[in-house]
Structures are given as C-alpha cells and as structure tokens.
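Below is one structure, written out as structure tokens; comments come after it.
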Amino acid sequence: MAVRINSFEQYKEDYKLSVENPEAFWAGVADTFTWKKKWDKVLEWNFTEPKVEWFKGAQLNITENCLDRHLATKGDAIAYVWESNDVNEANRTLTYKQLHEEVCKFANVLKSNGVKKGDRVCMYMPMVPELAIACLAAARIGAIHSVVFAGFSAQALCDRISDAKVEVVITSDGNFRGNKDIPVKAIVDEAIKNLDFVRKSIVFKRTGGPVIMKEGRDIWWSDEMATASPVCEATPVDAEDPLFILYTSGSTGQPKGVVHTTAGYMVSTYYTFLNAFQYNEGELYFCTADIGWITGHSYMMYGPLLAGASSVMFEGVPTYPDAGRFWQIVEKLKVNIFYTAPTAIRALEAFGLEFVNKYDLSSLRALGSVGEPINVEAWNWYNDYIGKGNCPIVDTYWQTETGAFMITPIAGITPTKPAYATLPLPGVQLAIMDAEGKEILGNDVEGNLCVKFPWPSMIRTTYGDHERCRQTYFSAYPGYYFTGDGCKRDEDGYYRITGRVDDVINVSGHRMGTAEVENAINEHKNVIESAIVGYPHDIKGQGIYAYVICDHVPENADVLRKEILDIVTKIIGPIAKPDKIQIVPGLPKTRSGKIMRRILRKVAEGDVSSLGDTSTLLDPSVVDAIVEGALVPIKQ
Ligand code: 7RM
C-alpha cells in the first residue's frame, strides 16, 4: 500500500480498505516508521470504558522518527525558519541536524534537572523554536509535555500545572506580540508562587526584559545549554505511553487534560499532514497556529517533522506592523502551503485588498483552514485573492481530542465546495445521529456528528479522571465517540460542520466552555448569577454575550462591565472577555432550573420575533424584561 494518496480513485480505494480492514490499513502506514520493537497487536478497543490501544507491545521514540531518521538524507534541509515579531529582525533557521542537536542538548538539560520518563513538564512560552525544542526534548526522554498557551492568565496556568502535578516549567523572560512585550516569566512566578512541587523553572531569554530569578528554582536556558552534551540516546517508550497532555474546554467549568499517546498519534499526524496538504519534498509550509493549541502540536511540530517538511514558525500577529504581515512572509520566504484560521481570514479581509495586492503570492500551491466553520464569503475571498483561484483550499475539520484531521479535502485531489470540509480521510468512520440517538443513514441528512470506530490519534483519557472522558465523549451515544458538533451530509455525501451543539463556544477559533466564563464572571462580588452564549460575530465567528444578574443595581454599569472584563482576564485570559454584557433581573429557567440558552441566544442574535415556547419557564416575564433590556444599545 502506498501511504501517499495520488488520485481520487486511490482515495476511494484506500478509504474502502481502511473500513474493511482497519488493522491492515494502519499497519501499512505504521510500517514506514522506525520502531525499537514492532507491535504484537495492531488494535484492541472498546468504547464503553473506553479503552483504545494501538500498536500494543511496540516500542519507539517519536523524536527518532521526527529527527534522527531524516539526518542521513536531509540533515541540511530546513526544519524551521523562524520569523520574528519584528519585521526588521533577521530570520533564524534550524536544519534537521541543528534541531536534532538542540533537542538532544535540552533533553540532557531536562535529565540533569531530574526529569524522568513519565514526568510532566509544562511549557509556557512565546512562539520561538525553543518551544518546539523543549517539547521534543521532553519526548526524547519519555517525559510528557503540557504546553499552556501563553495568552492564558496566571490562574489558568496554575490550575493546569496543579492538575498535571508538574515539577518543571519551561518559560521565557517575555513575549513580543505586535507592539506588546508580555512579561511571561512574571505570570509564571505568580502561577507557581504557592505550588511547592514546582522545583525548577528554566527561562529562555527572548526580550531581555527584567525578571526576578528565584534562587534554587529559576535557571537560565542558555546557562544550562552551554554545558549540555549534544548526545542523547532516545528513550524507548511503549506505543501507548502518553506523549502529551493538552488542556481544552468543555461544557463544565474545569478544562480537561486531553491525553495523547505516542505511536497512534505519530502515525495519524504523519499520514494526515502528508496527504491533506500533499506535501512535496522541498516545499515550504507555513502554519500560523500557536504551539499552545492542538494545531500547533500536530501541524507545526509532529506532522511536518515526521514528514521531513520545512516549516515557517512565526512569532507575531497577523496585523503587525500591518495587515499585510502574513503575505509579506509568504513573498519573502516563498511559502508554498499556507494554513490559518477563518477568523484571521475575515479579519484580514476587513483591512482591504491593498495589503494583499502589494505582495507576490505566486509561490502558493495550497491553502488550509482550521478551527471553526469557514463561511462561504471568507472561503471565496481566500480562494480568489490569496489563492488567485489556483490553490485548493483544505478545510480541515478535527479537534484537540481527535489529534489529527478527520474530515478534509486532499489538496488538488478531492473536489472542494465552499464551506464544506468534504469527505473523511481513510481510517475515519463517521456517523450522523438523530435526536433519538440512532444513526441516520443515507445522504441529504443532518444531525450530531459521531465516530464509530477508533482511529490511531484519538484521545485516550482525560488526565487523572478517566470517568470524565467516558462521560464527555462516550456516554451521549453508547458505542460511539461524540464530537459535540452538528453536521450536514449533503446529496453528494459531503460533510459540512454546522458548529457546536453543546455548551461550548468557539471565539476566533478558541474553544471555551460557557460554564468556564460564567464561573469567572460570578467571582465579581456584585454578581449573583450569569449566563453566557455565543452570537454571530463578523470577525470572531462567535462573540461572547453575557447576561448578568446583580445583587444590587450598580451605580455605574460601565464600571461594573469593566470590572467583569478584568476578572475574566485574570481568571482565564483576555481571549475569554465578553463582547457584550447585559444586566438582567433574572434568567429564563425551566422548572428544573436549567437555563434555556435557546432564548438567550435568540436575544443575543437580535432575533426576538420567534422566541418559541416560553410557557415551560419558571417565570416567563423574565423574558420580556431581557428583550426590553436588549433593545437598549449596550455600551462597552
Ligand atoms: C483543531 C481545533 C475543535 C472544534 C470542533 C469544531 C471546530 C475545528 C473546524 C471546525 C468547522 C472546521 N481543535 N472546528 N475545525 N468547525 N470546520 N474545519 O480547532 O479542539 O480547538 O476545537 O473546533 O467545533 O469541535 S479544537
């Protein structure tokens, strides 16, 4: 079996094989890797516990597959070209040989600081190559990385470090983002001030800003690396040993640590990267995601490195120094494959074509989209003005929990349709469910999206709480993995994701639990209760609309709003700040106490004409009060 799909016919054949004989299909992909020991069994599973084991009995180290095995043939090829936030700062390039050496050295630094196989290491860092180096170094010695996006607050970081009982944190002095210089180290100091189990913090110097180094705990990256040996044998791990934890939001207040294991994740990320983008040797790939999210893990680090690809890593933001930054990078570095989020596309579209047309984008061959449904208008703009009608768009549908692409076109092979993620990749067996929990067969149907057979990179557990994993993903439809997304399958069998059907909102491609934001708002001393919903937002996809019940009418509502924004920023981070805050006398609740979010969503959308049946509410008059309040423009 050829791992690379070369035609639509082959896609259909491979898909068929992957359903008829998943074990043989995935073993065929896995055979192309370097193993310390091959597996005894390809797959063992049940979705009731759930328990999923791929390539059981095998031993390997993922970094040998990302790095060592490429050295003989492409040691001098570029693994990363790093582009600074500052348009005038020179690039840094790291060849596979150099990356291998840095990873080995930092692996030795981790070892000399007492990190062992199975230990958790947290990274809270800007987008610099050292973030990838730190993750790969952890993997090299069998330690488990837990990257926390550097936009999260000290408290959110503290929660994640505590949940995973992290003893060593890797960070930097600061983080250049646009015209800001964020004091990253100070945020870590605040997060770990009461966490005695955090023994060490290793600090990479990026900005040169002031930091306080705590004696005995805080050490400089460069001091440690200066004396580290560049030789570090890769520690063999079991196929099902955890590779990393990544926290993600769900419908409860507490984010959960999604656990991915080694072999299956490796096989899926490689297969999907290679095929969806149709990566060709020598091409330059630019994924704009931060490594703090799953896209950065699977498609900035593991997928591309496993494929021996060359990637751009960009430190900054799309609009600094101006809205042409992405396109300036594409022109300068001659990027062939560009992968970003719909929210970025919409934001850049709004700045106008002058920022696009200044640059030569003729190097582009394929475009990608991820993180949320892409609307037809944004899809067309991306296609017409960035791709110039010549670049296939791969709208990649997947999740933190799926680890790798599930539904996506194969660039240049799958015929695309605007706003459709199109067809499942080989190895992905989807099911659309009706309201009674039964699978809907046939085409031209709509329902909730599930997966009925395991795939190698699927979530194995939620860290420290397996029951939560079962409850969240495997209980709504027994025997199925439930994605939490709604979806249509059209007359051609093409899939279009319609968005979340649970209490999760997607703001600028960032996932947030409504309960998480509500808990933060409720910390305000004048707030009794709150409810948040998502509403359509031109740039962010969804904006956050907060309904707040106060204990006493605030003297100045604008002051209250500002305080609420500050609290949310402190507890979660600026990404979770509500766009609108309405003070309400009550919330529409059923007699059993459940908030009827449907009504709140309608009001937030500005559609108060069809609120549906409100007679089952405990106090229907609340709705009128909310509607009246909503007619008053909300000042922020
Ligand atoms: C990769 C990522 C997952 C949620 C998912 C969806 C939404 C992601 C698409 C999409 C429509 C897409 N992981 N989503 N990709 N919706 N089309 N191509 O984003 O864990 O952070 O979010 O994002 O709702 O469930 S994530």
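As the structure lists them, so they are numbered: ligands from 1, and atoms in each ligand from 1. All figures in this text were calculated on a predicted structure; none of them were measured in a lab.
Ion pairing of Arg511 with Glu401 is present here, as a side-chain N (NZ or NE/NH1/NH2) and a carboxylate O approach within less than 4.0 Å. Ion pairing of Lys417 with Asp492 is present here, as a side-chain N (NZ or NE/NH1/NH2) and a carboxylate O approach within less than 4.0 Å. Look at Glu49 and Arg470 and you find no salt bridge, because none of the NZ, NE, NH1 or NH2 atoms lies under 4.0 Å from a carboxylate O.
Evaluation of the side-chain hydrogen bond (donor to acceptor under 3.5 Å, both in side chains) test over residues 374-383, restricted to residues two or more places apart or in two chains, returns Arg346-Asn375.
Remark: aromatic rings of Trp455 and Phe405 are distant, center separation not under 6.0 Å. In summary, the aromatic rings of His145 and His297 are positioned with their centroids under 6.0 Å apart.
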Taking a 3.5 Å cut-off between nitrogen or oxygen atoms, can you list every pair linking ligand 1 to the protein, with distances?
from	atom 1	to	atom 2	distance (Å)
ligand 1	13 (N)	Thr400	N	3.4
ligand 1	14 (N)	Gly371	O	3.4
ligand 1	15 (N)	Gly371	N	3.2
ligand 1	16 (N)	Pro373	N	3.3
ligand 1	17 (N)	Glu372	O	3.4
ligand 1	18 (N)	Asp395	OD1	2.7
ligand 1	18 (N)	Thr396	O	2.8
ligand 1	20 (O)	Thr400	N	2.9
ligand 1	20 (O)	Thr400	OG1	2.5
ligand 1	20 (O)	Arg511	NH1	2.8
ligand 1	23 (O)	Gly371	O	3.2
ligand 1	23 (O)	Asn506	ND2	3.4
ligand 1	24 (O)	Asp485	OD1	2.6
ligand 1	24 (O)	Asp485	OD2	3.4
ligand 1	25 (O)	Gln399	NE2	2.9
ligand 1	25 (O)	Asp485	OD1	3.4
ligand 1	25 (O)	Asp485	OD2	2.5
ligand 1	25 (O)	Arg500	NH1	2.8

